[in-house]
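Note that the coordinates shown come from a computational prediction; the quantities given were computed from them, not determined experimentally. Numbering of ligands and ligand atoms starts at 1, following listing order.
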Amino acid sequence: MANVVVVGAQWGDEGKGKIVDWLSERADVIARFQGGHNAGHTLVIGNTVFKLSLLPSGIVRKDKLAVIGNGVVLDPWALFSEIDKLSAQGVEIGTANLMIAENTPLILPLHQDLDRLREDAAGTAKIGTTGRGIGPAYEDKVGRRTIRVADLADPETLSARIDRLLAHHDALRVGLGAAPIDRADLEARLAEIAPKLLPFAAPVWKIMGEMRRAGKRILFEGAQGSLLDIDFGTYPYVTSSTTMSGMAATGTGMGPSSIDFVLGIVKAYTTRVGEGPFPTELDDDDGQRLGERGHEFGTVTGRKRRCGWFDAVLVRQTCQISGVNGIALTKLDVLDGFETLKICVGYEIDGVRYDYLPTAAALQARVTPIYEEMAGWNESTEGARSWADLPAAAIKYVRRIEELIGCPVAMLSTSPERDDTILVTDPFAD
Ligand code: GDP
Ligand code: IMO
Ligand code: MG
């Protein structure tokens, strides 16, 4: 049976939620493997809009198992507030359809404090984080002082973990001019949330392994995007996790051999939220128009997304690093009505041509994009559900993207609505 990993191939918000929701009809298990509630995945099903941050997008379908893997950083309070919000929308969530890895690290209020304190202290060098405590939580995981889901079950272990964690955080907070942690308050909060969270805890690696052997199909749902990857993104303007496909294996406890198809989600233009380099960014009418037509406002923070032309150099690079087998090209409809479209096909830095984005921040800051122009189209592609519905110029644009990034289009999306999707190659096909 084929298992599919979905990853964002740009700076996030490529439309992963919509595509995962569509594909999850064909899957049995939908698993998140990195990131946390910094993600904002939007699903539009008829008149209902679901906005998911921590829960896998498959949760809205009946008879699917949603999994939060150990690669995620989990804010338990955010989790239950999301569960409450979805329950109010008629989605039933319980231990029968949601499982959380026992070894998942927790995001605590102190992580959000630190996220904010650091951003405030950074001034113009700030990263523009979502303020959810993601970076500080991953730091504590790697620093071997985090509290994990399973620790909540044993008061002695928990107390020892808190000792270690607070020794570190109190010292940091003093340095940043903040008050030390109120330990009694933290303990009370954890004691209150533990009995709610623990019933969902499970050895995910084992159960998913068994399901795989039983022939169940697994859909791994990535969050953020490849250019926000901690190693390969535009460092330090990145998130604190590995957003590339390889993380699906270690972020759930499945071996790399369990991955059969990597689907890169690619927006037909480019957007970015937060600070950092963005070679094809537009601050003119075209950029304004992309933002308005594409409703480019962050799902999590409501911030305006920066917009620009399609950058084939970056997508070719990220598709290679994630081993993408095919892409889902989204938001093609947003380009309807542009007389001319530009695609970035290379960079120039100090008179030297590059066919990739170099790592050095000083070089990234001096990148000038080299553009190729293509004719736009006047017809509407909004809601198109087959190739035959697409104008010739739109097909030409899609084909040119395939050529430039060296990767075929497996799916196309032409509106936020679940069914306005064109399937070219089924990623789940054996
Ligand atoms: P994600 O973080 O990758 O899941 O993406 P977001 O949900 O944050 O942002 C994508 C936005 O584009 C959402 O509002 C989607 O409803 C919307 N969207 C997804 N696919 C399409 C599409 O093909 N056309 C249009 N116009 N909107 C889309
Ligand atoms: P989805 O899953 C877009 C960005 C933030 C900031 C940087 C670091 O919806 O695609 P963090 O809070 O993670 O420490 O912030 O990463 N960022 C995202 N941008 N989509 C996302 O998720 C993002 N998650 C984080 O804006 O620039
Ligand atoms: Mg998003």
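More than 12 heavy atoms of other residues, nucleotides or ligands lie within 6.0 Å of CG in Asp84, so this atom counts as buried by the packing criterion. Within 6.0 Å of CD on Glu348 lie more than 12 heavy atoms contributed by other residues, nucleotides or ligands. Within a 6.0 Å sphere centred on CZ of Arg400, other residues, nucleotides and ligands contribute more than 12 heavy atoms.
Because its NZ or CZ atom is not both nearer than 6.0 Å to the ring centre of Phe297 and within 45° of the ring axis, Arg303 does not count as a cation-pi partner of that residue. The side-chain tip of Lys267 does not point at the ring of Phe310 from less than 6.0 angstrom away and within 45° of straight on. Judged by the 6.0 Å distance and 45° axis criteria, Arg212 is not positioned over the aromatic ring of Trp205.
Counting the atoms of ligand 1 from 1 in the order shown, those under 4.0 Å from a heavy atom of Lys18 are 20 (N). Under a 4.0 Å criterion applied to the non-hydrogen atoms of Thr414, ligand 1 contributes the atoms 23 (O), 24 (N). Each of the atoms 1 (P), 3 (O), 4 (O), 5 (O) of ligand 1 lies under 4.0 Å from some heavy atom of Gly15. When each atom of ligand 1 is checked for a heavy atom of Ser413 under 4.0 Å away, the hits are 20 (N), 21 (C), 22 (C), 23 (O).
Side-chain contact between Tyr269 and Leu335 is present, with at least one heavy-atom pair separated by less than 4.5 Å.
Between Tyr237 and Trp11, the gap from one ring centroid to the other reaches at least 6.0 Å.
For atom 4 (O) of ligand 1, the closest non-hydrogen atom of the protein is Gly17 N, 2.8 Å. Closest to atom 16 (O) of ligand 1, if we only count protein heavy atoms, is Pro416 CB, 3.4 Å. Protein heavy atom at the shortest distance from atom 10 (C) of ligand 1 is Asp13 O, 3.8 Å. Of all protein heavy atoms, the one lying nearest to atom 26 (N) of ligand 1 is Asp333 OD2, 2.7 Å. From the protein, the heavy atom lying nearest to atom 2 (O) of ligand 1 is Gly40 O, 2.8 Å.
Residues meeting the salt bridge (Lys or Arg N to Asp or Glu O under 4.0 Å) test with Asp113, sequence neighbours left out: Arg116, Arg173. Evaluation of the side chain to side chain donor-acceptor pair (under 3.5 Å) rule for Ser413 yields Lys18 as partners, not counting sequence neighbours.
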Self-check item: Steps toward side chain to side chain donor-acceptor pair (under 3.5 Å) verdict (Ser57, Glu221)
Solution: CA-CA 8 Å; Ser57 297; Glu221 177 177 2; 2.7 Å; yes
Quiz item: Are Thr234 and Leu228 close enough, and set up right, to give a side chain to side chain contact (heavy atoms under 4.5 Å, CB included), and what steps lead you there?
Solution: CA-CA 6 Å; Thr234 44; Leu228 291 169; 5.6 Å; no
Self-check item: side chain to side chain donor-acceptor pair (under 3.5 Å) evaluation trace for Thr414 with Asp333
Solution: CA-CA 5 Å; Thr414 56; Asp333 54 293; 5.7 Å; no
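Between atom 9 (O) of ligand 1 and the options Gln10, Arg293, Arg305, the minimum heavy-atom separation is to Arg305. Of all the listed residues (Lys16, Lys331, Gln224, His41), Lys331 holds the heavy atom that lies closest to atom 28 (C) of ligand 1. The closest non-hydrogen atom to atom 14 (O) of ligand 1, taken over Asp420, Ile19, Thr42, Val334, comes from Thr42.
When all heavy atoms of Asp229 and Val238 are compared, the closest pair comes out as O-CG1, 3.4 Å. Of all heavy-atom pairs between Cys307 and Gly287, the closest is CB-O, 3.7 Å.
Remark: Arg161 engages Asp151 in a salt bridge, criterion side-chain N to carboxylate O under 4.0 Å.
In this structure, ligand 2 sits under 4.0 Å from heavy atoms belonging to Trp11, Gly12, Asp13, Lys16, Asn38, Ala39, Gly40, His41, Ile127, Gly128, Thr129, Thr130, Ala223, Gln224, Leu228, Val238, Thr239, Val273, Gly274, Arg303.
Residue-and-atom listing of protein N/O/S atoms under 2.8 Å from the Mg ion (ligand 3), sorted by chain and number: Asp13 OD1, Gly40 O.
Not a single heavy atom of Gly8 sits closer than 4.0 Å to an atom of ligand 1.
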